[in-house]
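Reviewing the structure listed below.
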Amino acid sequence: MPHHLVSNDRNTSRNASIDPTLDLEAEIQRLKKERNAVLLAHYYQESDIQDVADFLGDSLQLAQAAAKTDADVICFAGVHFMAETAKILNPDKIVVVPDMSAGCSLADGCPGDKFAAWKAKYPGAVVVSYINCSAEVKALSDYIVTSSNAEKIVRHIPEDRQILFAPDKNLGRYLEKKIGRPMVLWQGSCIVHETFSERKLIALKVRHPEALVLAHPECETPILKMADFIGSTTAILNYATASDAREFIVATEAGILHQMQKKAPGKVFIPAPPEASCACNECPFMRKNTLEKVYLALRDLEPRLEMPAELRERARVPIDRMLALS
Ligand code: 13P
Ligand code: SF4
């Protein structure tokens, strides 16, 4: 059964086992020490998880932190492919995730068997996969990239080689334009970054003419065309902190605003508006993780991420290539 279809009944009964008078933050800090555990979290986690994390970062920084930690346990507050990457880099460590069903529309939209059939149509091509993919897809790839190193790694590939890029067509298109090199693109996308409305963004800019638009390259082309800066979550955060501007419209998952407000309390950060009247600029997968589930993962050391050694070893090759080039 795919991990995102795993029943949540077990989570519900485990949640019910938590004493409601517990100070969860204090308990998490205590358990981290007791277990020699490190809590890694992505910026798209809810604020209270970000506040107890030992390390926050974009996908590349989280993979680098996982590669160099000397903790015995990694608790990964992010989505499945991120924890899987941590396990691939740390086969002997215990990797726990708050919610094993936290998937990703990019990873889930690119199943290993379909990816293998697609790759087989282009013999001799170099296969570059965005880190937002399953271990099966990583194992079939030549290079893994994240939004912060994709340009550098694609530029490193000899000009005469055809490139297949999966699974994010928006990041792929952005790279094609930036580097001036066509690639064969898998037609996947992120449900969160595709939600931003060009029409509403134009209207928002009229009301905030001084605001700079910061966008993640998973956004669609019309949003990227309006952006003053495009980059990974960490790059966007650093840009906003260092900039002389006072107002920013942020076209990525809304969780990042917590760190922006903490790092630059005097500035104004406005989430880019989604087309529908919804909270669809929040990733439903990332938001499956809660402080309660982080506590339970550290208390019970489960759910644990396990994977076959053979898959782990094959998936590690293109990840190591990425880390060496980053
Ligand atoms: P980065 O943090 O690497 O920019 O990735 C964003 C994202 O969508 C992760 O799922
Ligand atoms: Fe996947 Fe998009 Fe959620 Fe990131 S924000 S985990 S790319 S669905």
Side-chain angles (χ1 to χ4, degrees), residues 41-51 53 56-62 77-79 82 104-106 130-132 146-148 150-151 168 170-171 173-174 178 189-287 289:
H42 191 266
Y43 298 116
Y44 297 167
Q45 295 296 284
E46 55 184 54
S47 311
D48 50 6
I49 297 180
Q50 294 189 32
D51 290 344
L56 278 166
D58 64 15
S59 308
L60 176 64
Q61 292 173 314
L62 288 167
V79 291
M82 295 179 167
C104 165
S105 66
L106 279 166
Y130 189 32
I131 197 165
N132 298 39
T146 76
S147 54
S148 61
E151 183 182 343
D168 188 1
N170 292 316
L171 175 61
R173 255 190 236 124
Y174 166 74
K178 188 101 200 266
S189 59
C190 161
I191 50 166
V192 179
H193 289 87
E194 276 205 335
T195 199
F196 300 117
S197 158
E198 181 189 12
R199 190 177 54 84
K200 289 190 182 173
L201 182 56
I202 293 169
L204 193 60
K205 274 288 283 180
V206 172
R207 279 184 282 134
H208 298 269
E210 302 297 321
L212 298 185
V213 177
L214 314 179
H216 195 279
E218 288 175 19
C219 292
E220 291 182 306
T221 307
I223 301 294
L224 294 181
K225 277 199 177 134
M226 292 184 65
D228 296 287
F229 179 78
I230 299 169
S232 77
T233 48
T234 296
I236 290 177
L237 177 63
N238 291 345
Y239 184 91
T241 312
S243 168
D244 290 334
R246 278 205 23 66
E247 272 193 324
F248 303 88
I249 299 171
V250 184
T252 189
E253 213 269 4
I256 187 99
L257 269 75
H258 180 57
Q259 291 306 315
M260 290 178 159
Q261 276 147 359
K262 269 176 108 167
K263 290 203 165 150
K267 295 182 178 177
V268 177
F269 299 102
I270 308 163
E275 187 55 59
S277 303
C278 58
C280 22
N281 59 347
E282 288 184 3
C283 174
F285 307 105
M286 290 275 185
R287 303 303 174 116
N289 296 331

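Computed from a prediction, not measured in an experiment: that's the story for all the values here.
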Test item: [X] and [Y] side chains (from C-beta on) under 4.5 Å apart, heavy atoms:
X: E218; Y: E253; value: no
X: V192; Y: E282; value: no
X: S243; Y: F248; value: yes
X: D58; Y: T146; value: no
X: S105; Y: F285; value: yes
X: D168; Y: N132; value: no

Between [X] (side chain) and [Y] (backbone), is there a donor-acceptor pair under 3.5 Å?
X: R246; Y: G266; result: yes
X: T241; Y: K263; result: no
X: N289; Y: G78; result: yes

Exercise: identify the closest heavy-atom pair between [X] and [Y]:
X: I49; Y: A41; value: CG2-CB, 4.3 Å
X: G57; Y: L62; value: O-CD1, 3.4 Å
X: C219; Y: N170; value: O-CB, 3.5 Å
X: L224; Y: I230; value: O-CD1, 3.8 Å
X: A240; Y: L214; value: CB-CD1, 3.8 Å
X: H216; Y: S147; value: NE2-OG, 3.5 Å

- prompt: Just wondering, are more than 12 heavy atoms of other shown residues or ligands nearer than 6.0 Å to NZ in K225?
  reply: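 No, not enclosed.
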query: Looking at E220 and R173, does any basic side-chain N land under 4.0 Å from a carboxylate oxygen?
result: no
Calculate, to the nearest 0.5 Å, the distance between atoms [atom1] and [atom2] belonging to [X] and [Y] respectively.
X: M286; Y: E46; atom1: CE; atom2: CD; result: 12.5 Å
X: L212; Y: D244; atom1: CG; atom2: CG; result: 10.0 Å
X: T252; Y: F196; atom1: OG1; atom2: CZ; result: 6.0 Å

- prompt: Is it true that the side chains of E247 and H208 contain a donor and an acceptor less than 3.5 Å apart?
  reply: yes
message: Just by distance, no angles: are the side chains of S232 and T234 close enough, under 3.5 Å, to form a donor-acceptor pair?
response: no
message: Does the plane of the ring in H193 sit parallel, tilted or perpendicular to the ring in Y44? Use 30° and 60° as the thresholds.
response: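 Plane angle between 30° and 60°, so tilted.
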task: Please say which of H258, Q45, H42, Q259 ends up in a side chain to side chain donor-acceptor pair (under 3.5 Å) with Q50.
output: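 Among the candidates, only Q259 passes.
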